[in-house]
Amino acid sequence: NVRLQKGMADLENEALSHPDWAGKVYFKYEGSGMFSPTDRRTVELAFVSKFSKPLPISADGETAVHRSFGFDHRGRVDVALNPDQPEGAWLIHYLQTKHIPYFAFRAAVPHKATGAHIHLGPESTRLIASE
């Protein structure tokens with residue numbers, strides 16, 4: 001859903017510029033600082049094993065929406081789960097036990113995001129325009 005992805009990318013951008021939102025609208029875990037394809041597969045298999053359905057991925061790596069907001073989202077995954085709901089809380093706990101970094105967004109923000117999500121991997125870096 002492009003509208004949902006746009007809102008999530010916008011919330012990431014807005015949250016980074018509002019440190020007072022930390023712990024309220026979002027929280028993050030640095031973990032090992034790494035997120036590999038093997039980590040992703042391990043998370044997906046564990047989620048299927050626990051919940052008997054696939055991990056609800058809403059953005060897989062680089063997307064036009066992330067680029068439009070100036071984010072390099074390669075090697076990162078957004079999961080359409082609220083971190084305060086049972087599946088999201090389980091995922092957060094799992095990521096911490098495996099030392100996988102994440103950003104967790106817990107609420108919609110009017111004109112910024114349509115819902116909560118969990119960003120797997122280190123923080124997205126800013127794209128640098130080439131001249």
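Ring orientation note: the planes of Phe105 and His117 are close to parallel, at an angle under 30° on the 30°/60° scale.
The shortest heavy-atom contact between Phe35 and Gly75 is CD2-O, 3.2 Å.
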**Q.** Test side chain to side chain contact (heavy atoms under 4.5 Å, CB included) applied to Ile118 and Leu120, step by step
**A.** CA-CA 6 Å; Ile118 301 169; Leu120 279 58; 3.8 Å; yes

Q | Chi angles and distances behind the side chain to side chain contact (heavy atoms under 4.5 Å, CB included) call for Val43, Val79 | A | CA-CA 11 Å; Val43 171; Val79 178; over 6 Å; no

Identify each donor-acceptor pair in which a side-chain atom of residues 81-89 lies under 3.5 Å from a protein atom, sequence neighbours left out, and give them as a table.
residue, atom, partner, partner atom, Å
Asn82, OD1, Asp84, N, 2.7
Asp84, OD1, Arg106, NH2, 3.1
Asp84, OD2, Arg106, NE, 3.0
Glu87, OE2, Lys53, NZ, 2.9

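Checked against side-chain contact (heavy atoms from CB on, under 4.5 Å), Ser49 has no partners two or more places apart in sequence or in another chain. Gln96 meets the side-chain contact (heavy atoms from CB on, under 4.5 Å) test with Tyr29, Ile92, Tyr102; sequence neighbours excluded. In this structure Ser36 satisfies the side-chain hydrogen bond (donor to acceptor under 3.5 Å, both in side chains) test together with Asp39, sequence neighbours excluded. Applying the side-chain contact (heavy atoms from CB on, under 4.5 Å) test to Lys50 and every residue at least two apart in sequence or in another chain returns Trp90.
In this structure the side chain of Arg76 reaches within 4.5 angstrom of the side chain of Pro122, judged on heavy atoms.
Ser32 contributes a side-chain N or O that, together with a main-chain N or O of His99, makes up a donor-acceptor pair within less than 3.5 Å.
Using a 4.5 Å cut-off between side-chain heavy atoms of Ile, Leu, Val, Met, Phe, Trp and Tyr, with links allowed through other members, Ile57 and Phe51 fall into the same hydrophobic cluster.
Separating the OG1 atom in Thr42 from the CD1 atom in Ile100 is a distance of 7.0 Å, to the nearest 0.5 Å.
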